[in-house]
Amino acid sequence: MNQARWSGVRRSALEALPATTILTMATCAAWLVVALFALGNAVAVCAGFVPATVLNSVGAPPGLFLLPFWITPLTATLVHDGILHLALNMVMLVICGRLLERTIGSWGVVALYVVGAYVAAAGEWVLAPGSLVPTISASGAISALVGAYALLFANQPVPRIGPIPPRVVRVLWLLAAWVAIQLLIGFATSVGGPTIAIGAHIGGFIAGLLLARPLLLWRYRNA
């Protein structure tokens with residue numbers, strides 16, 4: 001099979017089952033397996049992104065192992081602390097992802113999700129490079145989708161704030177609302193208070209803002 005035909009097969013397969021659907025199904029399936037076998041804490045430690053492991057050698061707790069730090073930004077997206085957090089993230093993934101997929105394409109959404117996951121991990125590392133607390137959930141990657149959605153589709157008029165133009169105000173309001181919702185989920189699901197990774201959410205959101213237009217231009221580069 002020549003390269004052009006193989007590329008067509010891959011493109012057709014992804015279009016038959018949208019990337020948003022694949023990401024949602026994979027994330028929900030991973031949560032279900034973890035929940036059924038009561039592996040939550042162990043999986044969070046093994047597959048979560050631990051900032052301290054980027055520059056230092058960190059030993060795993062007895063009976064566990066740590067995945068290489070360079071893959072954990074992706075594996076962490078499959079781990080969620082409770083069904084409420086999972087449900088919120090999947091709703092946002094479906095709402096933003098399906099609309100973005102029509103605009104930037106399936107591969108554009110995949111690229112945005114993956115880059116968002118890594119930039120989110122980088123954002124958390126910048127804020128707490130020595131932290132041993134695993135960062136989990138798809139919130140950072142989904143933040144990239146929310147950021148791209150805010151830039152491309154949030155058209156409701158809002159008043160400017162001083163020198164800040166309405167478009168920037170709208171984006172900032174959406175970021176604030178997204179982080180606030182995550183904080184509420186943290187309060188509701190954590191005994192010791194919220195454990196939201198602020199750096200991850202902001203990093204992912206910024207990645208979405210920066211990548212939205214380049215991905216849009218790439219999708220229609222031959223138009």
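Computed from a prediction, not measured in an experiment: that's the story for all the values here. Counting from 1, the numbers follow the sequence of the chain as shown.
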Test item: Val94 and Thr24 side chains (from C-beta on) under 4.5 Å apart, heavy atoms: yes
Count the heavy atoms belonging to other residues, nucleotides or ligands that lie under 6.0 Å from CG of Leu32, then report whether that count exceeds 12. yes
If we ignore hydrogens and angles and just use 3.5 Å, is the side chain of Ser143 paired with the main-chain N or O of Gly204 as donor and acceptor? no
Measure the shortest side-chain to side-chain distance between Val45 and Pro61 over non-hydrogen atoms and say whether it is less than 4.5 angstrom. yes
Mind checking whether Tyr113 and Ile142 have side chains closer than 4.5 Å, heavy atoms only? yes
Rounded to the nearest 0.5 angstrom, the CH2-CG distance for Trp31 and Leu36 is 8.0 Å
For side chain to side chain contact (heavy atoms under 4.5 Å, CB included), just list the numbers for Leu100 and Leu152, CA-CA rounded to whole Å, side-chain angles, deciding distance to a tenth of an Å, and then say yes or no. CA-CA 9 Å; Leu100 284 170; Leu152 297 177; 4.0 Å; yes
Distance col, row Arg102:CZ vs Arg219:CZ, nearest 0.5 angstrom, shows 12.0 Å
Using a 3.5 Å distance criterion without hydrogens, assess whether the side chain of His80 forms a donor-acceptor pair with backbone atoms of Ala138. yes
Rounded to the nearest 0.5 Å, what separation is found between the OG1 atom of Thr72 and the CD1 atom of Ile136? 12.5 Å
Rounded distance [0.5 Å steps], CD1 in Ile198 versus CG in Leu127: 8.5 Å
Taking all non-hydrogen atoms of both residues into account, name the closest pair between Pro73 and Ala117 and its distance. O-CB, 3.6 Å
How far apart are the closest heavy atoms of Pro51 and Ala128, and which atoms are they? CB-O, 3.1 Å
Is it possible for you to say whether Val114 and Trp70 belong to one hydrophobic cluster, with membership spreading through side-chain heavy-atom contacts below 4.5 Å? yes
Quick one: do Leu67 and Phe69 end up in the same hydrophobic cluster if we chain Ile, Leu, Val, Met, Phe, Trp and Tyr together by side-chain heavy atoms under 4.5 Å apart? yes
Quick check: is Ile95 connected to Ile22 through a chain of hydrophobic side chains (ILVMFWY, heavy atoms under 4.5 Å apart)? no
Check whether any side-chain heavy atom of Phe49 sits under 4.5 Å from a side-chain heavy atom of Thr75, and report yes or no. no
With heavy-atom distances below 4.5 Å as the criterion, would you say the side chains of Trp125 and Thr135 are in contact? no
Tell me, do Thr20 and Val109 make a side-chain contact under 4.5 Å, heavy atoms counted? yes
Go through the steps for Val146 and Met92 under the test side chain to side chain contact (heavy atoms under 4.5 Å, CB included), then give the verdict. CA-CA 8 Å; Val146 175; Met92 293 300 294; 3.8 Å; yes
Would you say the side chain of Asn89 lies within less than 4.5 Å of the side chain of His85, judging by non-hydrogen atoms? yes
I'd like to check Met90 versus Thr27 (side-chain heavy atoms, cut-off strictly below 4.5 Å). Are they in contact? yes
CG of Leu145 to CG of Leu99: how many Å apart, nearest 0.5 Å? 11.0 Å
What's the spacing between Ile104 CD1 and Trp107 CH2 if we round to 0.5 Å? 13.0 Å
Please name the pair of heavy atoms, one in Pro134 and one in Val50, separated by the smallest distance, quoted to 0.1 Å. CA-CG2, 4.1 Å
Under a 4.5 Å side-chain heavy-atom rule over Ile, Leu, Val, Met, Phe, Trp and Tyr, are Leu64 and Leu78 clustered together? no
Check Gly130 against Ala52 and note the closest heavy-atom contact, atom names and distance. O-CB, 3.6 Å
On a heavy-atom basis, the closest approach of Phe65 and Cys46 is O-SG, 3.0 Å
Would you name the heavy atoms of Glu124 and Ala200 that are closest together and state the gap between them? OE1-N, 3.3 Å
Does Trp218 share a hydrophobic cluster with Leu112, counting links as ILVMFWY side-chain heavy atoms below 4.5 Å and allowing steps through other members? no
